Amino acid sequence: MSKFKDNFLWGGALAANQIEGAWNVGGKGLSVADVATYKPDLDVSDYAGHNKVTSQMVEEAMTTDEIQYYPKRRGIDFYHHYKEDVKLFAEMGFKTLRISIAWTRLFPTGEEVEANQEGIAYYKSLFETLKEYNIEPIVTLSHYEMPLALSVKYNGWVDRKLVDLFVNYAEVCFKEFGAYVKYWLTFNEIDSVGRHPFTTAGIIPDKCVDYSLDEAVYQALHHQYVAAAIATKKCHDMIPGSQMGCMLTKLTTYPNTCNPNDVLLSLERNLDNYSHSDIQIFGKYPTLYKQLLKNKGIVVKMEDGDEQILKEGTADYLAFSYYMSRTESADPNKEKAAGNTIMSVKNPYLASTEWGWQIDPVGLRISLIELYDRYNVPLIIVENGMGAVDQLTEDGKVHDSYRIDYLRSHIEEMAEAVEMGVDLFGYTSWAPIDLISVSTSQMSKRYGYIYVDQDDLGNGSLKRYKKDSFYWYKKLISSNGEDLD
Ligand code: BG6
């Protein structure tokens with residue numbers, strides 16, 4: 001008998017800016033993703049380097065229609081292919097699809113008084129298509145694609161103004177799409193503001209003149225927590241029975257050895273990671289987090305009433321991404337390994353993907369147990385997967401046994417956690433169809449069950465092909481996670 005609930009939400013996860021393309025179609029405005037450049041040689045030892053965005057780079061990007069160098073502008077043209085793609089997801093038996101709404105399709109600069117009707121019509125049509133196939137949408141309001149104009153004008157989320165603008169956008173989404181969407185998420189991987197301030201919060205470092213970049217990061221985070229809490233309350237008021245989740249990059253950290261200094265470092269990393277979900281689930285800043293800010297000399301500007309807002313707008317469930325674990329050592333000379341926008345010490349017990357991310361299925365079980373024990377709210381894994389180079393054979397096949405192995409091993413561990421009593425209600429792998437990578441903007445870093453014929457430079461027919469993993473996942477879903485062969 002399956003260990004998963006009968007109505008377990010199996011599916012896949014996507015983000016508008018990595019798939020839709022059509023960057024200047026249908027009244028859409030420029031988003032921060034539209035100025036993200038192609039970086040095939042991104043130095044994995046300096047992940048933060050890809051965020052060294054400058055005002056000059058942004059201005060240059062705004063004046064060009066170039067799409068080869070800015071791959072997220074073209075995506076995989078999901079905007080025009082969504083009917084075909086959703087049909088393929090339905091063929092795999094998807095119960096759910098996690099997507100995001102591009103804020104700039106509704107509010108091109110983020111400050112329009114009226115929402116763009118073409119953008120609303122597009123998403124309604126997408127939701128209608130999902131409904132046709134009984135696929136439950138899970139919708140992220142902000143997944144690395146905020147209006148670029150707000151970044152340029154306000155230095156993004158550093159400015160309190162963003163709270164109102166976001167809440168207004170969220171309200172339009174609830175009003176227009178509430179009939180289709182029960183499950184919502186506020187910010188994708190909110191903890192990533194510190195790792196890539198521009199992508200997540202529209203912060204351009206050279207605009208931090210009266211304050212430091214560090215201060216900007218914590219201020220932006222505070223504004224996002226407040227905005228998320230207000231949006232959560234509004235969502236409940238406007239859509240009866242709706243559920244609003246918060247979302248975390250789960251970066252489970254191990255000590256490299258039992259040297260207490262290694263243990264201490266890993267504890268600090270884990271606490272830092274948890275602080276973001278603590279605030280959104282417990283509805284208040286953790287005591288140690290407040291002290292950490294003080295020790296760093298950072299004063300976060302809060303308004304009267306913010307504490308109450310956080311308390312009243314807590315998340316209903318916790319969604320998280322999990323790609324790898326990380327390891328910490330007090331010895332700075334240890335060999336390093338790359339991860340999802342982080343570097344850590346190489347764990348000798350784990351294999352790595354072609355991009356150097358260490359594969360750790362047991363770490364997923366550990367993460368599930370830790371999160372459930374800490375929060376006791378329903379959990380959902382909204383991203384898990386493996387970026388790999390795939391070969392399309394002459395007869396249109398992709399034999400991706402490595403991807404099947406990765407996913408199988410993680411789902412096995414998920415089942416173990418569920419057996420232990422963890423309340424897990426869904427799994428959406430990243431990503432069901434090949435798309436543009438966030439970190440490197442490569443197409444060749446493929447995650448999908450469906451291959452898309454497009455290379456890094458945008459050449460290709462965009463034709464979709466089913467990989468071996470497509471049939472494997474279909475079988476897995478139809479057995480509710482039991483048939484893993
Ligand atoms: C997650 C992001 O952190 O990592 C996704 O939410 C992203 O948007 C995924 O695509 C994988 O990262 P990358 O750099 O391989 O695309």
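What you are looking at is a predicted structure, and each value in this text was computed from that prediction instead of being measured. Ligands are counted one by one from 1 in listed order, and the atoms in each one are counted from 1 as well.
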(request) Just let me know how Asn188 lines up against ligand 1, side chain, backbone, both or neither, with a heavy-atom cut-off below 4.0 Å. (result) side chain

(request) Compute both the distance and the angle, then confirm whether Arg446 meets the cation-pi test with Tyr451: under 6.0 Å from the six-membered ring centre, within 45 degrees of the axis. (result) yes

(request) Could you grab the distance from atom CD of Gln18 to atom OG of Ser441, nearest 0.5 Å is fine? (result) 8.5 Å

(request) Indicate the ring-plane relationship of Trp157 and Phe187, choosing parallel, tilted or perpendicular according to the 30° and 60° boundaries. (result) perpendicular

(message) Within ligand 1, which atoms have a heavy atom of Glu383 less than 4.0 Å away?
(response) 1 (C), 2 (C), 3 (O), 4 (O), 5 (C), 6 (O), 9 (C)

(message) Please list, in number order, the atoms of ligand 1 under 4.0 Å from a heavy atom of Ser439.
(response) 13 (P), 14 (O)

(message) Does either side chain, that of Ser100 or that of Glu145, offer a donor lying less than 3.5 Å from an acceptor on the other one?
(response) yes

(request) Using a 4.0 Å heavy-atom cut-off, say whether Tyr322 meets ligand 1 through its side chain, its backbone, both or neither. (result) neither

(request) Scan Leu14, Ile101, Asn188 and name whichever one has a side chain to side chain contact (heavy atoms under 4.5 Å, CB included) with Thr140. (result) Asn188

(message) Checking contacts here: is it the side chain or the backbone of Ser437 that comes within 4.0 Å of ligand 1, counting heavy atoms only? Could be both or neither.
(response) both

(message) Any nitrogen or oxygen of Val438 lying under 3.5 Å from a nitrogen or oxygen in ligand 1? Just yes or no.
(response) yes

(message) In this structure, does ligand 1 have an atom that sits under 4.0 Å from one of the heavy atoms of Asn340?
(response) yes

(message) For atom 9 (C) of ligand 1, which of the options Tyr144, Tyr323, Tyr447 provides the nearest non-hydrogen atom?
(response) Tyr323

(request) Decide, yes or no, whether a salt bridge links Arg269 with Asp272 under the criterion of side-chain N to carboxylate O below 4.0 Å. (result) no

(message) Give the atom numbers and elements of ligand 1 that come within less than 4.0 Å of a heavy atom of Lys445.
(response) 13 (P), 14 (O), 15 (O)

(message) For Trp430, which part has a heavy atom under 4.0 Å from ligand 1: side chain, backbone, both, or neither?
(response) side chain

(request) Look at the aromatic rings of Phe127 and Tyr180 and report parallel, tilted or perpendicular, splitting at 30° and 60°. (result) parallel

(request) Between Thr341 and ligand 1, find which residue part has any heavy-atom pair under 4.0 Å and reply side chain, backbone, both or neither. (result) neither

(message) Under 3.5 Å between any N/O of Glu189 and any N/O of ligand 1: does that happen in this structure?
(response) yes

(request) Report the distance from atom OG of Ser437 to atom NZ of Lys445, rounding to the nearest 0.5 Å. (result) 4.5 Å

